[in-house]
Amino acid sequence: MPEAAPPADSTPTEKAGTPAERAATPAEQAEQAEQTDSATDETEPADVDISADADASAVPDAADEASSSAEDASGGSDKTVEAPPTPRGRRAKHPGAARTVTYTITTLAALLVLFALLMPNEPDRFRPAVFLRLPVEAIFGAAVLMVLPKTLRLITAVLAGLSLGAMTVLNLLDLGFNEFLGRGFNLVLDWVLFDDARTYLEDSMGRTGAVAVVVAVIVLVIAVFALMALSVVRLANLLARQSGRATRATLVAGTVWVACSALGVQFAGVQFAARSTAGAVQNRVDRVQATLKDEAEFAKIAKKDKFAKTPPAQLVPDLRGKDVIFAFIESYGRSAIEDPVTAPGVDAVLDDKTAELTEAGYAAKSGWLTSATYGGSSWLGHSTFLSGLWISNQARYRTVTAGDHLTLTGAFQRTGDWRTVGIMPGVQKNWPEGSFYGLDNVYDSRELGYRGPKFSWSTMPDQYALSAYQRLEHGKKRDKPLMSEIILTSSHQPWAPIPKTIPWDEVGDGSVYKDIQKDGKKASDVFYDSTKVKEEYGRSIEYSVTSLIDYVVKYGDKNTVLVFLGDHQPLARVSGDHANRDVPVSIVAHDKSVLDKIDDWNWTEGLKPDDTAPVWRMDSFRDRFLTAYGSTPHP
């Protein structure tokens, strides 16, 4: 006789299907949930999913369902009881992987925040030791976040993250500006340069490439802000969940920071107790204040002029009847003559061209000028040289060009004895500054008749620009001598491709340069190679100097006076970190008396200034030149 089945509540060990399919009892489910929560709480401070919390809170309901199913089974039914969802879903199925992901994300968040707090803003300060310091801002931030209530803590963490994102972006801008312009980013003045940067990218890479770069930069900026905010929020939640440990760690870190700061502890020559972010913020505030103060002071300086009231007849009387050319060679800096990579080729060209000038009856003297700019912003160098004022930023440039301060070129126009013209191949849109410089007529890139290809940023080769000058102005019959300002652009970065010198009668409308441009090197193959970029930079200077001197020898005469110089040093990749801002300057003349006027300048004979030649600030040249050639001061 078969045994009667025992009551359901007297068989707690009864199987319902396979062991893997058996429904857990309420007590077992609660124990599993508690164990899972405990393990996760120890390793997962800040990234607790809402879904995970919901699963955990649903455990009692699941237990009730299991209990109800068990009671139904006691009625004699042998159907399998379905197990409820496992608490915390996928995390419970793969706890090891979940913990690894959690640790990894939290570690990356901490590293990102530390990087932002310790990041230097100058390229040569990027060293491993810089990132092994203890930032006081992290200690202070942790202490603040731990004591705040949940909502306020979240708001503060987001704001702190966005602030760190802003500092990171500004530091990146500083790195770029230091690399290209030899100075940090100016929060007040430098926003206008972004449009110039976009134009430079379009000229160098084409519109599509420029758009791609701009989009990439925008995405990067958004990503920096978003990731920094998320990272700080995650770390803030960790501090709140592990408040006991966090408090002890913060106290220890604070004590260590104070002790190391007091004792001046260093590792690899770097202070271990860091306050980089606080210092950077203070530095930016100081720079903004200094900029605003400088604008007001410079406006007063610009109104003072030693030659403001000089009568026209008393301006440059010793140059009457001379055709005077002021030529700027882009990026022609001291490094072109002294750097071991570029100097051999450039020095050889300067020596050869000095010999050619001598054979043609010319003589030359050369010295050094310290430019107001570095690596770029050529217009600052031009305006400093011609105005006699130190134009070192965009605010000063706007101030001086909006006034009537006498320029070197404007002095010739004021006399009424010269026709004054400008050859500006780098100008591609309206240029109202022409009137400030005292130019009767300006030929920009649209008016020089060029039908050839661009050479990267440069709209046309220097030899073509000079050929157009000869065709449009210098070669024509005139009732007055010419005073000309000529900007030569072939030596502008990225220094590839570079034009070649060709016979002057083959220049034509520039179509001949199509094959030369096509056979030239690509900018991408040159600009990022530290050796190649120096080599190509040197070749570009050789080309520009050759074009200019060949023009004087071919088309000049006994009344030709040439003053040429560089506008600034090339960027740091070529000139070197912390290079000086010196540029060569030369005066070439056929009439010996022109150079006799500057004997007391102690310049070097020829086109290559040596180490003994004097170095003057570029803003001093205007007054020296006007005085040397007979101008009478009338403040």
Could you list the donor-acceptor pairs under 3.5 angstrom formed by side chains in residues 479-489, with sequence neighbours left out?
residue : atom : partner : partner atom : Å
Lys480  : NZ   : Gly416  : O            : 3.0
Ser484  : OG   : Tyr469  : OH           : 2.7
Thr489  : OG1  : Ser458  : OG           : 2.8

Does a donor on one side chain and an acceptor on the other come within less than 3.5 Å for Ser378 and His568? yes

Say whether Ser586 and Ser366, considering side chains only, have a donor N or O and an acceptor N or O under 3.5 Å apart. yes

Is the count of non-hydrogen atoms from other residues, nucleotides or ligands lying under 6.0 Å from Glu359 atom CD greater than 12? no

Take atom CZ of Arg451 as the centre, draw a 6.0 Å sphere, and report whether it contains more than 12 heavy atoms from other residues, nucleotides or ligands. no

Less than 6.0 Å separating the ring centroids of Phe328 and His382? yes

Decide if the gap between the ring center of Tyr437 and the ring center of Trp431 is smaller than 6.0 angstrom. yes

Write out all pairs satisfying salt bridge (charged side-chain N to carboxylate O under 4.0 Å, His left out) with one or both partners inside [range], taking only residues at least two apart or from two chains.
{"range": "residues 301-312", "value": "Asp305-Arg622"}
{"range": "residues 324-336", "value": "Arg334-Glu338, Arg334-Asp582, Arg334-Asp611"}
{"range": "residues 551-576", "value": "Glu179-Arg573"}

Can you label the angle between the Phe625 ring and the Phe412 ring as parallel, tilted or perpendicular, going by 30° and 60°? tilted

So, are [X] and [Y] salt-bridged, with charged N and O less than 4.0 Å apart?
{"X": "Arg414", "Y": "Asp440", "answer": "no"}
{"X": "Arg419", "Y": "Glu473", "answer": "yes"}
{"X": "Glu542", "Y": "Arg539", "answer": "no"}
{"X": "Lys532", "Y": "Asp525", "answer": "no"}

Taking the side chain as every heavy atom from C-beta outward, state whether Tyr528 and Val533 have any atom pair closer than 4.5 Å. no

At their closest point, which heavy atom of Gly566 faces which heavy atom of Val583, and how far apart are they? O-CG2, 3.3 Å

Among residues at least two apart in sequence or on other chains, which ones pass ring-ring contact (aromatic ring centres under 6.0 Å, His included) with [X]?
{"X": "Trp368", "result": "none"}
{"X": "Trp603", "result": "Trp601, Trp616"}
{"X": "Phe298", "result": "none"}
{"X": "His492", "result": "Tyr200, Trp457"}

Residue pairs fulfilling ring-ring contact (aromatic ring centres under 6.0 Å, His included) with at least one residue in residues 305-325, sequence neighbours excluded: none

Kindly write out the residues that satisfy side-chain contact (heavy atoms from CB on, under 4.5 Å) with Asp352, not counting sequence neighbours, or none if the list is empty. none

Under the side chain to side chain donor-acceptor pair (under 3.5 Å) test, residues paired with Tyr332 that sit two or more places apart: none

Can you sort out the partners of Ser511 under side chain to side chain donor-acceptor pair (under 3.5 Å), two or more places apart, ordered by chain and number? Asp509

N/O donor-acceptor pair under 3.5 Å between Ser491 side chain and Ser544 backbone: no

Tell me, with the steps shown, if Val615 and Thr370 meet side chain to side chain contact (heavy atoms under 4.5 Å, CB included). CA-CA 7 Å; Val615 180; Thr370 301; 3.4 Å; yes

